[in-house]
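Just below is one structure, and these are the notes that go with it.
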Amino acid sequence: MCGIVGYTGKQNVEKQILDALELLEYRGYDSAGMAIMDDLTGQIQVRKCAGRVSDLRNVWCQNLVSGRCGIGHTRWATHGGVCDENAHPHRVGRITLVHNGIIENYEALKDHFGLADQLVSETDTEVVAALLNHFYTGDPHQALVETVKWLKGTFALVVIFEDIPNVIFAIRNVSPIVAAYHKNGTMLASDVAALGGQADRYLVVPEYHVVELHQDAIQIYDMEDRLCEPEFLEIDWDTTRDGKGQYPFYMEKEIMEQPEVIEKTLSSRLVDGHLSLEADGVPDEVLKACERICVVACGTAMHAGLVAQNMVRSILRMPMDVEYASEFMYMDPVIDEKTLVLAISQSGETIDTLEALKYARRQGAKSIAVINVKGSSIARESDYVMYTAAGPEIAVASTKAYTTQLAALFVLVGRMAVVRGVFDEAAEKTFVNGLVQAPEAMQKVLDRREEIHHIARGLLEAKDAFMIGRGLDYSILLEGALKLKEISYIHTEAYASGELKHGTIALITEKTPVVALVTQERIRDKELSNIREVQSRGASVVLLVKDGIKLNQEDYDHVFMLPAMADGMMPFPASAALQLLAYYVSMDRGLDVDKPRNLAKVVTVE
Ligand code: AGP
């Protein structure tokens, strides 16, 4: 997934684009590039480099160009390594373009049209530039329409033509592009975040439509070149981004914001002490009519679904599947009009989740999206949307988005229990009283973060680590393991502790670091005996345990008491501890906690 920006107007375009690219850098930061129409020479200047947007700024400031129209790109490599040649923009003939997506048939197109000798990079994007140049005979719309007819895959193409000054063209299929009037001009980008709070309305470029950006107008044409009426949406939320404040990394700031944003996520859904989805516009009938639930999500969002699954089974006694969105369409899922699909996504732009949602809806399922970014593609695709109130999450490793997803999902499950007659007044009250303690319980963990920092030092040298627990603890640890993996690069495996003895315990050796989680009263004995199994093979154990569970602390290398909540609510304090553990290991290893290698915040390629 990549970040794309285009601006044309009366302002100096270089700063506009570089600032916007910085706001999009979380979408990909392997390399960056920009192309500007030079007012003096009338030519397009292209400069690009492997590295961050800050490196690109240095490249441009060495030799400033005066221009008011340009395009920019931050790359997450899909085809070809991370190097200057593979960075975007790509130029072939009179065409200069940037691209987000994957062209699945680019090799075949290269051969079919004999383009190889025009190419200098390994990318699918440059093949598109060469193909567009092949079709371009002076009519940009006709060339774009002809080109995309040959493309298989996902694309957001943003193009400038050498002989059409100060106009930007774009066309998309699945990969997102939004456009807006902005600062004495017009702008387009991969998502609203790039507008940096300087636009109050935006439009989503419709798929397979050509959009033209002029300095004072945005025009949209369908594939038959008919002018279409743009449909603008209000930006009724704050898209500006405050900095890291006193924190060294966004991730720490976002971990510390969790009590507040969980509170905000809950507050609009607790009316006079009762659970309510009225503010979300989710009808009770949808919660009553479904016979099973299916989550489609990726990564951390999928882990939130797994935690909710524990609750759906234990409270609602309903069948619930939680599927990797990337697998969903290819596993012949059993989905029908009695299925309620939950699409969980922080960004709302994850293509795997978006395509899985579209597939489920085609099978007749009703859908509720749990989303953090307003107006995102998945939000627009879903029947209903529950927005989390996490605010902009910048660190690639998701933290506050995850726990606010849990908060929203728990309200959803609780409301289902009420409307389906599972909860009476007293049961709902008990559930709500447990849920509203989440912010305070998390704050107690955050207040003791130095204890966790001390524990983290024991993991600094590890190459491998295990996280073990049963039931809900195992679901929580899957997310804990992902956090540690993705920001510290320690190969961490979350394992159902009762399953270890069926093979994987062979990997436990002297001093193998094991993080054990024990929060569920009814299975504590089993979990504690599984911990003894790894200890008897020499493992060093960090135990995260719910306060009040009886044990002999001397038996463990480290013990961190988690504030006691109802068993079902323990994901909140436990997740805070696991997030901090991963954060401190990564920070003390001297790594870029906010931008881990190979990753990006939004995955808009399948
Ligand atoms: C989270 O720490 C990861 N960066 C990643 O797994 C992420 O959760 C996943 O890509 C899904 O993203 P989404 O929530 O924006 O759909």
Side-chain angles (χ1 to χ4, degrees), residues 1-3 24-29 76 174-176 190-193 249-252 254-255 258 295-308 322-328 341-358 369-382 385-388 390-406 408-409 476-489 492 494 575 578-583 586 591-606:
M1 61 317 303
C2 306
L24 287 178
E25 201 165 28
Y26 66 87
R27 298 177 66 92
Y29 36 84
W76 183 79
V174 181
S175 299
S190 303
D191 66 40
V192 173
F249 294 103
Y250 275 106
M251 185 174 176
E252 184 175 349
E254 289 156 7
I255 288 173
Q258 290 181 108
V295 165
V296 290
C298 302
T300 290
M302 190 250 190
H303 296 151
L306 287 170
V307 169
V322 180
E323 306 295 0
Y324 286 116
S326 55
E327 293 284 298
F328 183 68
V341 165
L342 303 182
I344 307 170
S345 174
Q346 187 285 130
S347 64
E349 295 297 344
T350 300
I351 292 275
D352 289 325
T353 306
L354 176 63
E355 294 305 301
L357 171 62
K358 287 178 182 175
V370 178
I371 302 286
N372 194 41
V373 177
K374 284 201 168 184
S376 51
S377 302
I378 295 172
R380 293 196 305 273
E381 178 63 33
S382 188
V385 184
M386 293 178 72
Y387 282 112
T388 50
E393 186 178 69
I394 310 310
V396 166
S398 187
T399 51
K400 62 177 183 173
Y402 169 70
T403 49
T404 53
Q405 285 162 0
L406 294 184
L409 289 165
I476 297 166
L477 288 172
L478 283 166
E479 172 54 16
L482 176 61
K483 287 282 94 50
L484 188 58
K485 259 185 286 201
E486 67 177 332
I487 64 174
S488 76
Y489 314 149
T492 309
S575 300
L578 290 161
Q579 290 165 357
L580 287 167
L581 185 67
Y583 172 75
S586 177
L591 298 171
D592 186 342
V593 178
D594 287 338
K595 295 192 178 87
R597 67 186 181 202
N598 304 344
L599 295 180
K601 183 64 179 173
V602 185
V603 184
T604 59
V605 291
E606 283 190 278

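The figures that follow rest on heavy atoms only: side chains count, while hydrogens, waters and symmetry mates do not. Owing to the predicted nature of the structure, the values given are computational and were not obtained by experimental measurement. Order of appearance sets the numbers: ligands from 1, and atoms from 1 within every ligand.
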Give me the residue, atom name and distance of the protein heavy atom closest to atom 8 (O) of ligand 1.
T300 N, 3.1 Å
Quick test: of every protein heavy atom, which one is nearest to atom 14 (O) of ligand 1, and how far off is it to 0.1 Å?
Q346 N, 2.7 Å
Does A582 offer a backbone N or O that forms a donor-acceptor pair with the side chain of S586 under 3.5 Å?
no
Using the test ring-ring contact (aromatic ring centres under 6.0 Å, His included), find all partners of F328 that sit at least two apart in sequence or belong to another chain.
Y359
Atom 10 (O) of ligand 1: which protein heavy atom is closest, and how many Å away?
V603 CG2, 3.9 Å
Going by the order shown, which atoms of ligand 1 are within less than 4.0 Å of some heavy atom of S398?
1 (C), 2 (O)
Under a heavy-atom criterion of less than 4.0 Å, does V396 contact ligand 1?
yes
Ignoring angles and geometry beyond distance, decide whether Q405 reaches within less than 3.5 Å of ligand 1 through its nitrogen or oxygen atoms.
no
Find all atoms of ligand 1 within a distance of less than 4.0 Å from any non-hydrogen atom belonging to A301, and give their numbers and elements.
8 (O), 14 (O)
Please name the residue in the list V396, I487, L580 that meets the side chain to side chain contact (heavy atoms under 4.5 Å, CB included) test with M251.
I487
What about K601: any of its N or O atoms under 3.5 Å from an N or O on ligand 1?
no
One residue to check: E486. Relative to ligand 1, which of side chain, backbone, both or neither has a non-hydrogen atom less than 4.0 Å away?
side chain
At what distance is the nearest protein heavy atom to atom 9 (C) of ligand 1, and which residue and atom is it?
C298 O, 3.8 Å
Nearest 0.5 angstrom please: S376 OG to D191 CG, how far?
9.0 Å
So which of E254, E479, E393 actually passes side-chain hydrogen bond (donor to acceptor under 3.5 Å, both in side chains) with S398?
E393
Do ligand 1 and S345 have nitrogen or oxygen atoms that lie under 3.5 Å from each other?
yes
So is K483 close enough to ligand 1, meaning a heavy atom under 4.0 angstrom away?
yes
First locate atom CD of E349, then atom NZ of K601, and finally report the distance between them rounded to the nearest 0.5 Å.
13.5 Å
Mind checking what makes side chain to side chain donor-acceptor pair (under 3.5 Å) contact with S175, not counting sequence neighbours?
none
Please state which protein non-hydrogen atom is closest to atom 15 (O) of ligand 1 and give its distance, to 0.1 Å?
S347 OG, 2.7 Å
Check this for me: Y324, atom OH, are more than 12 non-hydrogen atoms of other residues, nucleotides or ligands nearer than 6.0 Å?
no
With heavy-atom distances below 4.0 Å as the criterion, list the atoms of ligand 1 near A397.
2 (O)
Main chain of D352, side chain of T350: is a donor-acceptor contact present, judged purely on distance under 3.5 Å?
no
Do me a favour and list the nearest non-hydrogen protein atom to atom 16 (O) of ligand 1 with residue, atom name and distance?
T350 OG1, 2.5 Å
Closest heavy-atom pair, I371 versus A369, reported as atoms and distance to 0.1 Å, is CG1-CB, 3.5 Å
